[in-house]
Trainee: 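Pasting in a structure now, in structure tokens, and then I'll have a few things to ask.
The structure presented is a predicted model; accordingly, all values stated were derived computationally and were not measured. These values consider heavy atoms only, across backbone and side chains, with no hydrogens, waters or symmetry-generated copies.
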Amino acid sequence: MPHLDPDDRMLMRELQHRGLDVEVADWSDPSVDWAASRLCVLRSTWDYHERCDEFVAWVAAASELTRLQNEPALLRWNAHKAYLRDLEQCGVPIVPTAWVARGERLSLAQLAGNRGWSDVVLKPARGAAGHGVTLLRAQMLALDSAQARLDRLAETQAVLVQPYLSSVVTYGERALIFFERRYSHAVVKKPFDTVLAISDARSSLVEPTQQEIAVATAALEAVPGEPIYARVDLLRDERDIFVSEVELIEPALYLSVCESARGDFADAIERQLHATMEAKR
């Protein structure tokens, strides 16, 4: 979204109110002089997953000219959902996942049956804003069309197969937002919410439980770097809480539903900017 979403326009106004010069630039625009900025904060790069190799190359090139936040190593790590495996190895509870490698062909119905899953969700390993995510009900799994959907996704990339957790409707998906690892606020997201709906009533402020904060915090502690911003999405079943995603590249941060968050994010940006200027002295 080259002109930013409404939330990020609020952030831009907050930074400008503080006397900072702020400009919006398209990461894929070759005419942009990235060296002209002291700090580049990634926000609405919602097309990166469709051009991931190009995006990763841009990250490498731009980071030689300016300071990127989040930092380049985190951007590369978070661009492929294999990061969830890293979190799981650190003891973070993630949504139960069967991993289908790129080019691998297996029976979706058999996989679900072996796992005891009825309804399943397919997720491409590279994706943003629900792009390519498919919900398949139990009665669909034996159909050729369901198998074909998995096969098409696996032709070009790895695929995550997960059980559909019905609590996403009854309880909702919790998105917890952090700035410099400090918890800020949380919203309850509607099923298959989209980034274009972040300023309407589809997602609203919610008070997370201490257990939810603890799980999200544990996920961030396992992140191999120091993110200036992060969003941890949580799902649950009847007993447990799971990390669905840790978003470090382009997450909606729902600043419009929490006024203090705008100031907290702006404070974090100012600290990063001052650190950058000090490092160059």
Side-chain angles (χ1 to χ4, degrees), residues 46-53 55 78-89 92-175 188-198 202-203 219 231-247 249-252:
W46 290 325
D47 60 346
Y48 84 90
H49 61 284
E50 298 174 335
R51 307 153 65 185
C52 203
D53 290 342
F55 177 74
N78 199 228
H80 192 287
K81 289 183 173 57
Y83 74 80
L84 290 169
R85 280 177 160 167
D86 296 340
L87 298 183
E88 187 176 33
Q89 290 173 359
V92 176
I94 68 168
V95 174
T97 302
W99 300 85
V100 181
R102 179 179 179 178
E104 183 178 5
R105 295 182 67 88
L106 50 76
S107 167
L108 179 59
Q110 185 176 356
L111 183 156
N114 290 342
R115 298 274 184 142
W117 298 341
S118 53
D119 304 335
V120 302
V121 175
L122 308 182
K123 291 182 178 179
R126 296 192 186 277
H131 180 82
V133 175
T134 305
L135 169 62
L136 297 171
R137 297 293 186 181
Q139 63 271 23
M140 301 172 61
L141 295 183
L143 298 178
D144 291 344
S145 59
Q147 183 65 47
R149 176 61 176 166
L150 173 60
D151 293 343
R152 281 196 301 272
L153 286 173
E155 284 178 0
T156 57
Q157 60 184 305
V159 183
L160 289 68
V161 183
Q162 299 175 331
Y164 174 68
L165 303 178
S166 60
S167 63
V168 73
V169 174
T170 57
Y171 185 76
E173 183 177 13
R174 264 48 175 171
V188 58
K189 297 168 61 185
K190 301 301 181 184
F192 299 95
D193 204 0
T194 69
V195 292
L196 298 182
I198 63 171
R202 296 182 64 183
S203 300
R231 195 185 81 205
V232 183
D233 296 343
L234 303 177
L235 292 171
R236 67 183 306 146
D237 61 14
E238 294 79 7
R239 298 175 303 169
D240 300 311
I241 297 170
F242 305 106
V243 172
S244 172
E245 302 274 1
V246 175
E247 300 275 9
I249 299 177
E250 36 59 54

Trainee: When you measure from the side chain of Asp233 to the backbone N and O of Val243, does any donor-acceptor pair fall under 3.5 Å?
Mentor: no

Trainee: Under 3.5 Å, is there a donor-acceptor pair between the side chain of Glu88 and the main chain of Arg85?
Mentor: no

Trainee: Under 6.0 Å from the ring centre and within 45 degrees of the ring axis: does the NZ or CZ of Arg236 meet both conditions for the six-membered ring of Tyr171?
Mentor: yes

Trainee: Minimum heavy-atom separation for Ile249 to Phe55, with atom names?
Mentor: CG2-CZ, 4.0 Å

Trainee: Any chance you could measure Arg115, atom CZ, to Gln162, atom CD, to the nearest 0.5 Å?
Mentor: 10.5 Å

Trainee: Looking at Leu106, is its backbone amide N or carbonyl O close enough to the side chain of Gln147 to form a donor-acceptor pair, meaning the two atoms are under 3.5 Å apart?
Mentor: yes

Trainee: Please report the shortest heavy-atom distance between Leu153 and Pro124, naming the atom on each side.
Mentor: CD2-CB, 4.5 Å

Trainee: I need the minimum non-hydrogen distance between Ala219 and Val232, along with the two atoms involved.
Mentor: CB-CG1, 4.3 Å

Trainee: Between Arg231 and Ala252, is there a donor-acceptor pair closer than 3.5 Å when you use the side chain of the first and the backbone of the second?
Mentor: yes

Trainee: I'd like to check Val161 versus Trp99 (side-chain heavy atoms, cut-off strictly below 4.5 Å). Are they in contact?
Mentor: no

Trainee: Under 4.5 Å between any side-chain heavy atoms of Leu136 and Tyr164, yes or no?
Mentor: no

Trainee: How far apart are the closest heavy atoms of Cys52 and Ala79, and which atoms are they?
Mentor: SG-CB, 4.1 Å

Trainee: List for me each residue that meets salt bridge (charged side-chain N to carboxylate O under 4.0 Å, His left out) alongside Asp47, sequence neighbours excluded, and say none if there are none.
Mentor: Arg51

Trainee: For Leu160, which of Val100, Leu84, Val121 qualifies under side-chain contact (heavy atoms from CB on, under 4.5 Å)?
Mentor: Leu84

Trainee: Are there more than 12 heavy atoms of other residues, nucleotides or ligands under 6.0 Å from atom CG of Asp144?
Mentor: no

Trainee: Rounded to the nearest 0.5 Å, what separation is found between the NZ atom of Lys189 and the CG atom of Leu235?
Mentor: 8.5 Å

Trainee: By the definition side-chain contact (heavy atoms from CB on, under 4.5 Å), identify the one residue from Val92, Thr97, Leu165, Ile94 that meets it with Phe242.
Mentor: Leu165

Trainee: Mind checking the OG-CD spacing from Ser167 to Glu238? Nearest 0.5 Å is all I need.
Mentor: 7.5 Å

Trainee: Restricting to salt bridge (charged side-chain N to carboxylate O under 4.0 Å, His left out), what partner residues turn up for Asp119, sequence neighbours left out?
Mentor: Arg137

Trainee: Check step by step if side chain to side chain contact (heavy atoms under 4.5 Å, CB included) holds for Trp117 and Leu141.
Mentor: CA-CA 10 Å; Trp117 298 341; Leu141 295 183; over 6 Å; no

Trainee: Could you tell me the separation between the CG atom of Asp240 and the CG atom of Leu234, rounded to the nearest 0.5 Å?
Mentor: 12.5 Å

Trainee: What closest approach, in Å, do Ala101 and Ala154 show between heavy atoms, and which atom pair accounts for it?
Mentor: O-CB, 4.2 Å

Trainee: Counting N and O atoms only, with roles assigned by atom type, does the side chain of Tyr83 sit under 3.5 Å from a partner on the main chain of Glu245, one being a donor and the other an acceptor?
Mentor: no

Trainee: Measure from the side-chain N and O atoms of Ser145 to the backbone N and O of Leu143, and report whether any donor-acceptor pair falls under 3.5 Å.
Mentor: no

Trainee: Would you say the side chain of Val188 lies within less than 4.5 Å of the side chain of Arg174, judging by non-hydrogen atoms?
Mentor: yes

Trainee: A side-chain contact here means heavy atoms from C-beta on lying under 4.5 Å apart; do Val133 and Leu122 qualify?
Mentor: no

Trainee: Give me the atom names and distance for the closest heavy-atom approach of Ala112 to Val120.
Mentor: CB-CG1, 4.0 Å

Trainee: Does either side chain, that of Arg149 or that of Thr134, offer a donor lying less than 3.5 Å from an acceptor on the other one?
Mentor: yes

Trainee: Within the structure provided, determine whether Arg126 and Lys81 are in side-chain contact (heavy-atom separation under 4.5 Å).
Mentor: no

